[in-house]
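Let me begin by presenting the structure, written as C-alpha cells, before commenting on it.
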Amino acid sequence: MKIGIIGLGLIGGSLGLDLKAQGQEILGVSRKESTCQTAVEKGVADRASTDLSILSEAEIIIICTPIGKIVPTLEQLVPHLNSETIVSDVGSVKQPIVTACSQLWSNFIGGHPMAGTAEQGINAAQTNLFKGAAYVITPPEENISGIEKLKNIAESLGAKPYICSPEVHDSAVAWISHLPVMTSTSLISACLGETEPQVLELAQHLASSGFRDTSRVGGGNPELGTMMAQYNRKALLRSLQVYRQNLDKIINLIEQKNWDNLEQILNINQEARPKFLN
Ligand code: NAP
C-alpha cells in the first residue's frame with residue numbers, strides 16, 4: 001500500500017520507519033528540504049518532498065504536523081487527492097480537528113497514537129514507538145471502510161486500537177495526558193522557585209528516577225503542550241480545577257497533621273493506579 005505521511009518529526013518519522021520496514025511504500029512530505037533528505041537516508045520514507053503533489057498516488061495519508069497546522073495542511077492537500085483517499089491525523093486533540101477536517105474531506109478519520117518521547121524532529125524518530133500503546137481512532141460515524149484500514153495500520157504497529165467519539169477522546173486525554181503535562185511542568189517551576197542556591201544545586205544533583213518520571217512530560221515539547229491547552233482548553237481546565245481541589249485537600253491534611261486521612265488517600269491511590277497502567 002502507498003502511505004503518505006506529512007510532517008516528518010518524532011511521530012511521523014516513527015510511523016514511517018515501522019511502516020516502511022513492513023514493506024509499505026512511504027511517501028513523505030515535510031516543511032524543510034533537509035528533513036526530507038534525512039527521512040530518505042534514515043529509512044523513514046521511500047521518497048520525500050516539500051511538495052504535497054507527491055501524495056497524489058497515496059491510498060491513505062496521515063497528517064503528523066503540529067496540531068495547529070493539521071487543518072491548514074488538509075486545505076492545501078485537498079486539490080491533490082482522489083475521491084477514494086483516506087486522510088487521517090495524529091493530533092493529540094480530536095474534536096476541533098475532526099470537525100474542521102471532516103468538512104474539508106469526507107474520508108477524514110481522526111487518529112491519535114498515544115506514544116511519545118520528550119524529543120522532537122526527524123532525528124527523534126524511532127522504531128517500535130507505538131508497540132503496546134493505544135491508538136485512538138475518532139471517525140465521523142459513516143466512514144466504515146476507512147476505519148478498518150486505519151485499525152489494520154494501528155495493529156500492524158503493535159498498537160491497540162480504540163474507537164470513540166472525538167469528544168470522549170478529548171475528555172479522557174485531558175485526565176491522563178494533558179493534565180499530567182501541566183502538573184509536571186508546575187513541578188519543575190516549583191523546584192526552580194527554591195531561593196537558596198545551594199539547596200537548588202544539591203536538589204539538581206540528587207534528582208533521580210522519581211524526578212525523571214514525574215518531570216518527563218512537563219519538560220517535553222513546549223509547542224505541543226501549549227497546543228494541548230489551546231485546543232482542549234475546556235476539558236483541561238476542568239481537570240486542572242479538580243486537581244487543584246485535591247492538592248488543597250492534601251495541603252489541609254498536612255497542615256492539620258491528619259496523617260490517618262493522608263495515608264487513606266495514599267492507600268486508595270496505590271490501589272487505583274494499576275487500573276490506569278494496563
Ligand atoms: P515534531 O517532532 O515537532 O514533528 C512535527 C514535524 O512536522 C516537524 O519536525 C516539522 O518538520 C514538520 N512540520 C511542521 N510544520 C509543517 C508543515 N506546515 N508542513 C509539513 N511539515 C511540517 O512533533 P511530534 O511530536 O511528532 O508531533 C506531531 C503531531 O503528533 C502533533 O499533532 C502532536 O499532537 C501529535 N502527537 C505527539 C505526541 C508526542 O508525544 N510528541 C504523541 C502523540 C501525538 P520540518 O520542519 O523538520 O520539516
Side-chain angles (χ1 to χ4, degrees), residues 1-82 84-92 94 97 101 104-105 107-117 119-131 133 135-138 146 149-159 161 221 224:
M1 182 160 53
K2 284 186 182 166
I3 301 177
I5 298 177
I6 309 177
L8 302 170
L10 168 68
I11 301 295
S14 300
L15 279 174
L17 281 174
D18 283 355
L19 294 172
K20 185 165 150 47
Q22 289 169 20
Q24 311 284 11
E25 187 175 343
I26 306 299
L27 308 169
V29 170
S30 212
R31 184 178 47 178
K32 292 191 203 132
E33 186 59 54
S34 59
T35 301
C36 296
Q37 277 169 17
T38 309
V40 173
E41 282 159 21
K42 257 181 92 102
V44 161
D46 293 277
R47 284 184 281 147
S49 166
T50 56
D51 187 344
L52 289 167
S53 66
I54 189 180
L55 301 175
S56 57
E57 299 159 19
E59 279 174 58
I60 179 158
I61 297 172
I62 307 176
I63 304 177
C64 305
T65 62
I67 298 176
K69 295 281 162 34
I70 294 172
V71 178
T73 296
L74 180 57
E75 269 167 350
Q76 291 167 22
L77 179 66
V78 164
H80 304 286
L81 299 175
N82 73 64
E84 303 292 305
T85 317
I86 294 157
V87 181
S88 186
D89 75 314
V90 295
S92 310
K94 297 273 56 96
I97 291 172
C101 287
L104 290 168
W105 192 248
N107 278 346
F108 181 86
I109 303 169
H112 181 198
M114 303 228 22
T117 70
E119 309 297 315
Q120 61 191 106
I122 184 75
N123 289 317
Q126 56 178 261
T127 55
N128 292 323
L129 180 67
F130 309 102
K131 211 171 188 164
Y135 197 122
V136 191
I137 297 170
T138 59
K149 273 197 181 158
L150 202 56
K151 227 175 124 187
N152 291 342
I153 288 181
E155 281 167 348
S156 77
L157 298 165
N221 183 344
L224 180 57

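Here the structure is a predicted model, which is why all the values come from computation and not from measurement.
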request  = First locate atom OG1 of T73, then atom CD1 of I70, and finally report the distance between them rounded to the nearest 0.5 Å.
outcome  = 8.0 Å
inquiry  = Between E57 (side chain only) and K2 (backbone N and O only), is there a donor and an acceptor less than 3.5 Å apart?
reply    = no
ask   = Less than 4.5 Å apart, any side-chain heavy atom of I122 and any of K32?
value = no
ask   = Would you say the side chain of V29 lies within less than 4.5 Å of the side chain of L77, judging by non-hydrogen atoms?
value = no
task = Verify the distance criterion only: is there a donor paired with an acceptor across the side chains of S49 and D51 at less than 3.5 Å?
result = no
query = For the residue pair A45 and A48, what are the closest heavy atoms and their distance?
reply = CB-CB, 4.3 Å
key: Minimum heavy-atom distance between I97 and G91, given as atom pair plus value   = CD1-CA, 4.5 Å
query = L15 versus C64: any side-chain heavy-atom pair under 4.5 Å?
reply = yes
Intermediate values then yes/no, side-chain contact (heavy atoms from CB on, under 4.5 Å), I54 and H80 = CA-CA 9 Å; I54 189 180; H80 304 286; over 6 Å; no
ask   = Taking I86 as the fixed residue, which of I61, I109, I62 is the one that meets the side-chain contact (heavy atoms from CB on, under 4.5 Å) rule?
value = I109
key: Side-chain heavy-atom pair V71, L74 within 4.5 angstrom cut-off   = no
query = Stepwise, does the side-chain contact (heavy atoms from CB on, under 4.5 Å) test hold for K149 with E59?
reply = CA-CA 10 Å; K149 273 197 181 158; E59 279 174 58; 3.6 Å; yes
inquiry  = Looking at K42, I'd like to know if its NZ atom is crowded, meaning that more than 12 non-hydrogen atoms belonging to other residues, nucleotides or ligands lie closer than 6.0 Å.
reply    = yes
ask   = Atom CD1 in I153, atom NZ in K151: separation rounded to 0.5 Å?
value = 13.5 Å
ask   = Heavy atoms, side chains only, cut-off 4.5 Å: are S92 and L224 in contact?
value = yes
key: Closest approach of S88 to L150 (non-hydrogen atoms, all atoms of both residues)   = OG-CD2, 3.5 Å
Closest heavy-atom pair and its distance - G9, A125 = O-CB, 4.1 Å
task = Supply the atom-to-atom distance I5 CD1 to K20 NZ, rounded to the nearest 0.5 angstrom.
result = 11.0 Å
request  = Could you grab the distance from atom OG of S14 to atom CG of L19, nearest 0.5 Å is fine?
outcome  = 10.5 Å
query = Atom CG of L55 and atom CG of N82: how far apart are they, to the nearest 0.5 Å?
reply = 12.0 Å
Donor-acceptor contact below 3.5 Å, side chain K94 vs main chain G111 = yes
message = If you compare all heavy atoms of T85 against all heavy atoms of W105, which two are closest, and at what distance to 0.1 Å?
response = O-NE1, 2.8 Å
message = For the backbone of N128 and the side chain of D18, can you confirm whether one donor and one acceptor N or O come within less than 3.5 Å of each other?
response = yes
message = If you define the side chain from C-beta out and look only at heavy atoms, does anything of I60 sit under 4.5 Å from M1?
response = yes
key: S30 to C36 - nearest heavy-atom pair and separation   = N-SG, 3.8 Å
message = Less than 4.5 Å apart, side chain to side chain, heavy atoms only: is that true for I26 and V44?
response = no
key: Approximate separation, where rounding is to 0.5 Å, of R47 CZ and L27 CG   = 5.0 Å
ask   = Is the closest side-chain heavy-atom distance between L129 and I11 below 4.5 Å?
value = yes
